Amino acid sequence: MGRITTRPRPELILKQQLQELFAAAVERLKRDGVLAPDQQVAVRFERARQKQHGDFATNMALSLAKTCGQAPRKLAQLIIDALPAAPEIVKVEIAGPGFINVFLAADSQSQVVGAIRDAGNGYGRSTLGAGQKVVIEFVSANPTGPLHVGHGRGAAFGDSLARLLAATGFAVVTEYYVNDAGRQMDILAVSVWLRYLELCGEQIAFPDNAYQGDYIFDIAATVHREHGDRYRHPGDTVCADIDGQDLELQLDSLIQRAKMLLGQEGYRHVLGVGLNALTADIRGDLEQFNVNFDRWYSERSLIDDHHLDNALQALAKSGNVFERDGALWFRSTAFGDEKDRVVVRENGAPTYFASDIAYHLNKLERGFDRLIDVWGADHHGYMPRMKAALQAMHYDPDRLVVLLVQFAALYRGGEKVSMSTRTGEFVTLRELRQEVGTDAARFFYVQRKAEQHMDFDLDLAKSQSNENPVYYVQYAHARICSVFRQAAEKHIDTGDLDGADLSLLGEDHEIALVNTLSRFPEVVENAAVNYEPHQVAYYLRSLANDFHTYYNAHNFLGVAPNLRRARVALIDATRQVLANGLELIGVHAPDKM
RNA sequence: GCGCCCAUAGCUCAGCUGGAUAGAGCGUUGGCCUCCGGAGCCAAAGGUCACAGGUUCGAAUCCUGUUGGGCGCGCCA
């Protein structure tokens with residue numbers, strides 16, 4: 001109650017100590033009978049947007065005024081009168097309808113520079129998550145082709161989010177769910193096999209709805225190189241009697257024929273070559289994109305390890321599974337879904353939904369408190385049934401958090417690029433990376449909040465990559481490193497920064513920079529709690545701006561030693577925060593560019 | 001038809017969960033290095049926050065409706 005202590009983390013003086021001071025004032029007003037003893041008071045401070053409003057402002061008097069029947073400004077005065085004395089506070093004033101503006105002593109803020117340099121790459125980290133176990137699943141694209149730029153956005157977002165949550169004290173595991181079972185895999189196997197047959201010299205009518213991409217040829221060539229004619233069958237035999245039906249049925253017929261002609265072993269081999277080639281490709285692609293998953297979770301292993309059976313049993317045990325038209329259904333409508341869903345098809349094969357239920361049940365059984373899924377926005381209709389399944393199995397559906405990432409609409413030459421995996425018309429993540437660079441691409445993606453539609457202008461990203469904001473931020477970091485190199489070359493002493501007199505940092509640009517530096521922990525926490533990595537990107541831009549402005553206005557090395565130490569300490573802290581922030585979004589902080 | 005997302009400067013986007021005079025980048029116009037990196041800095045112009053109501057001390061933000069755009073509504077994944 002009204003406990004006022006000096007915090008071990010000076011950067012928190014700014015906000016947290018203010019909150020404690022004002023909470024103490026509230027307690028006193030309760031004792032004096034101005035406020036009801038059971039009055040709930042949320043003391044919240046915001047950083048003032050304008051200098052005239054001081055450093056921090058609270059609207060507590062405004063929000064309290066109604067319930068306690070006092071005029072806002074009068075109540076604000078009572079709060080101020082009840083405030084304990086504190087050396088950090090220079091002035092407190094009432095403004096507008098009843099805001100309380102707080103002005104802090106300049107050097108109480110500049111102490112943050114020392115705190116940052118002490119904390120190093122730990123500055124901005126917190127224990128907010130209290131070790132809560134979180135699994136974040138993202139990308140999870142079918143291994144039926146290379147990743148495209150849409151997956152890139154999910155990858156940049158999911159990975160940055162994982163870094164943010166880890167930095168705020170959550171125990172984070174990242175997973176890529178590999179859909180290596182089911183019909184899509186069969187289509188992949190058939191696609192590879194047909195291209196292989198073409199390489200053998202067979203005449204084949206390659207179906208429009210099989211995978212068209214060039215990478216299928218490459219995989220087929222591998223099979224052909226390693227096995228020669230071993231899987232060859234006459235084109236007539238392969239394609240016999242499959243005309244005239246529905247296209248999807250034709251494909252199913254081809255799948256059946258492939259299984260029959262190749263035998264189980266041969267079929268599994270062809271499929272395996274395709275699967276391995278594509279997962280290796282995806283994994284390498286993501287590594288180059290600075291995304292490394294803790295675990296690649298195989299859908300097929302879920303089936304082989306009987307997790308699927310267990311999940312279906314758990315679901316059945318809850319009394320929400322029934323049979324209709326020869327299939328097994330989950331009564332998801334009982335939990336708010338708009339229609340019931342098939343879990344086992346008429347032909348006995350489990351649906352994708354069924355194995356996904358098993359996967360999510362498995363995550364919960366592995367002890368994760370929170371399951372975060374990053375999905376493409378086109379899957380939003382899938383969310384109610386997934387939550388329904390968890391609820392049916394007696395888990396709190398709110399433990400599953402689904403974050404939807406909108407597609408990035410690509411523009412090239414002013415025209416929208418249409419994309420389809422089947423037709424092979426898509427821009428791959430690899431192409432984007434090679435043309436724009438990982439750092440620029442990641443920054444570009446993560447600048448937009450996930451649920452916002454995004455226009456990705458390829459021409460702009462490629463041809464004007466120097467205009468990309470990521471260079472602005474990286475340049476600030478490189479520039480600071482360069483100052484230190486200059487100091488070393490010219491034998492200018494920049495030692496003993498720990499002993500710098502930070503109260504010398506009184507210029508407007510310095511105060512602004514210090515202020516931005518002190519905001520970092522709040523930004524990180526806020527970004528993590530709201531699952532919004534873009535806040536970090538915006539913060540970094542603003543920090544880089546404060547630095548560049550300062551750099552332009554003042555000299556760091558060519559001033560008196562005391563001032564020089566203070567200024568160098570300040571830009572050293574800035575360098576640290578730039579590096580910490582870039583790390584959170586998976587972008588490099590180069591020493592030179 | 002039903003459901004979800006979205007609409008802010010010419011363009012691309014922020015807006016701290018309801019606060020004070022709505023902000024950046026790009027583009028446009030005009031300035032700034034004998035000096036630590038000009039991939040930088042400063043300044044100007046640019047807005048009916050899609051539209052109409054409502055909630056309250058106070059709305060870009062919350063509620064309802066309208067318009068316009070994206071996506072979804074499979075025994076596909």
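Residue numbers start from 1 in every chain, and the chains themselves are labelled A, B, ... in the order their sequence lines are given, proteins ahead of strands. The structure presented is a predicted model; accordingly, all values stated were derived computationally and were not measured.
- The pair R183(A)-D186(A) fails the salt-bridge criterion, with no side-chain N (NZ, NE, NH1 or NH2) lying under 4.0 Å from an Asp/Glu carboxylate O.
- Proximity note for M593(A) (side chain, C-beta onward) versus C42(B), G37(B), G40(B): the nearest is G37(B).
- A gap of 16 Å separates the P atoms of U56(B) and U61(B), to the nearest Å.
- Remark: the separation of the P atoms in C57(B) and C42(B) is 41 Å, to the nearest Å.
- Atom C1' of A7(B) sits at a distance of 8 Å from the matching atom of G69(B), rounded to the whole Å.
- Taking the six-membered ring for Trp and thresholds of 30 and 60 degrees, F45(A) and F22(A) have ring planes more than 60 degrees apart, a perpendicular arrangement.
- Mapping E338(A) and Y551(A) onto RNA chain B via the closest heavy atom, the residue that lands nearer the 5' end is Y551(A).
- Taking atom CZ of residue R479(A) and atom P of nucleotide G38(B), one finds them 5 Å apart after rounding to whole Å.
- Classification of U61(B) as anti follows from a glycosidic angle more than 90° from 0.
- Atom NE2 in H453(A) sits about 10 Å away from atom P in C5(B), given to the nearest Å.
- Straight-line distance from the OH atom of Y538(A) to the P atom of G23(B): 15 Å, rounded to whole Å.
- You'll find that the side chain of K449(A) is closest to G15(B), out of G37(B), G15(B), C75(B).
- The residues K363(A) and E137(A) are annotated as salt-bridged, a charged nitrogen and a carboxylate oxygen being separated by less than 4.0 angstrom.
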Would you sort out whether R44(A) and E46(A) count as a salt bridge (Lys or Arg N to Asp or Glu O under 4.0 Å), showing the intermediate values? CA-CA 7 Å; R44(A) 298 191 52 157; E46(A) 294 188 334; 5.9 Å; no
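- Test Y297(A), Y352(A), F353(A) against Y359(A) for ring-ring contact (aromatic ring centres under 6.0 Å, His included) and you get one pass: Y297(A).
- Using a 4.0 Å heavy-atom distance criterion, F407(A) is classed as making no nucleic acid contact.
- With P as the reference atom, C6(B) and G46(B) are 31 Å apart, rounded to whole Å.
- For the residue pair Q184(A) / N179(A), no side-chain donor-acceptor distance below 3.5 Å is found, with atom types taken as modelled.
- Across the P atoms, G1(B) and U66(B) are found 11 Å apart, a figure rounded to whole Å.
- Regarding D340(A), its CG atom lies at a distance of 13 Å from the P atom of G74(B), rounded to whole Å.
- Contact between the side-chain N/O atoms of R485(A) and the OP1/OP2 oxygens of G37(B) is not found at any separation under 4.0 Å.
- In the set A77(B), C73(B), C75(B), the nucleotide with an atom closest to the side chain of N142(A) is A77(B).
- For the pair R541(A) and G40(B), the criterion of a side-chain N or O lying under 4.0 Å from OP1 or OP2 is not met.
- Judged by distance alone, with hydrogens and angles left aside, H534(A) brings no side-chain donor or acceptor close enough to the base of A14(B) to form a pair under 3.5 Å.
- Here, C13(B) and C76(B) have their C1' atoms 35 Å apart, quoted to the whole Å.
- Rounding to whole angstrom units, CH2 of residue W375(A) and P of C5(B) are separated by 14 Å.
- With ring centers used as reference points, H453(A) lies 6.0 Å or more from F407(A).
- Between A77(B) and T351(A), no contact under 4.0 Å exists linking OP1 or OP2 to a side-chain N or O.
- Spacing between G58(B) and G18(B) at atom C1', rounded to whole Å, works out to 8 Å.
- Backbone-only engagement by M454(A) is indicated by non-hydrogen atom pairs under 4.0 Å involving sugar-phosphate atoms exclusively.
- Distance L249(A) CG to C76(B) P: 11 Å, rounded to the nearest Å.
- The CG atom of L513(A) sits 14.5 Å away from the OH atom of Y551(A) when rounded to the nearest 0.5 Å.
- Rounded to whole angstrom, the span from the CG atom of N552(A) across to the C1' atom of G31(B) amounts to 13 Å.
- Side chains of Y177(A) and D356(A): no donor on one and acceptor on the other come within 3.5 Å.
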Using a 4.0 Å heavy-atom cut-off, write out nucleotides 16-21 of chain B from 5' to 3' as B (base contacted by protein), S (sugar-phosphate only) or - (no contact). BB-BBB
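- Among C5(B), A7(B), G37(B), the nucleotide with an atom closest to any side-chain atom of E451(A) is C5(B).
- Heavy atoms of N545(A) sit under 4.0 angstrom from primed sugar atoms or phosphate atoms, though from no base atom.
- In this structure, a donor-acceptor pair under 3.5 Å is absent between the side chains of E522(A) and Y539(A).
- Of the P atoms belonging to G10(B) and C51(B), the separation is 13 Å, rounded to the nearest Å.
- Judged by distance alone with a 3.5 Å cut-off, a donor-acceptor contact links the side chain of H380(A) to the base of C71(B).
- Each of E299(A) and F484(A) was matched to the nucleotide of RNA chain B holding its nearest heavy atom; the match closer to the 5' end belongs to F484(A).
- Here the CZ atom belonging to R324(A) is positioned 6.0 Å from the CG atom belonging to D340(A), to the nearest 0.5 angstrom.
- Nucleic acid contact for S482(A): base, since at least one base atom lies under 4.0 Å from a heavy atom of the residue.
- Here the C1' atom of nucleotide G40(B) and the CD atom of Q474(A) are 15 Å apart, to the nearest Å.
- Taking only side-chain nitrogens and oxygens, Y475(A) never comes nearer than 4.0 Å to OP1 or OP2 of C41(B).
- Using a 3.5 Å distance cut-off with no hydrogens or angles, the side chains of H360(A) and D373(A) do pair a donor with an acceptor.
- Distances were taken from every side-chain heavy atom of Y472(A) (C-beta onward) to each of A77(B), G37(B), C41(B); the shortest belongs to C41(B).
- Taking 4.0 angstrom as the limit, K339(A) places a side-chain polar atom (N or O) nearer than this to OP1 or OP2 of G74(B).
- The listed nucleotides are C36(B), C73(B), A77(B); the one nearest the side chain of L557(A) is C36(B).
- The distance between the ring centers of F157(A) and Y445(A) does not fall below 6.0 angstrom.
- Among the heavy atoms of the strands lying under 4.0 Å from Y382(A) is at least one base atom, whether or not backbone atoms are also near.
- Helical stems in RNA chain B, defined as runs of 3 or more consecutive Watson-Crick or G-U wobble pairs with both donor-acceptor distances under 3.5 Å, are listed by first residue as B:1-5 with B:69-73, B:10-13 with B:23-26, B:28-32 with B:40-44, B:50-54 with B:62-66.
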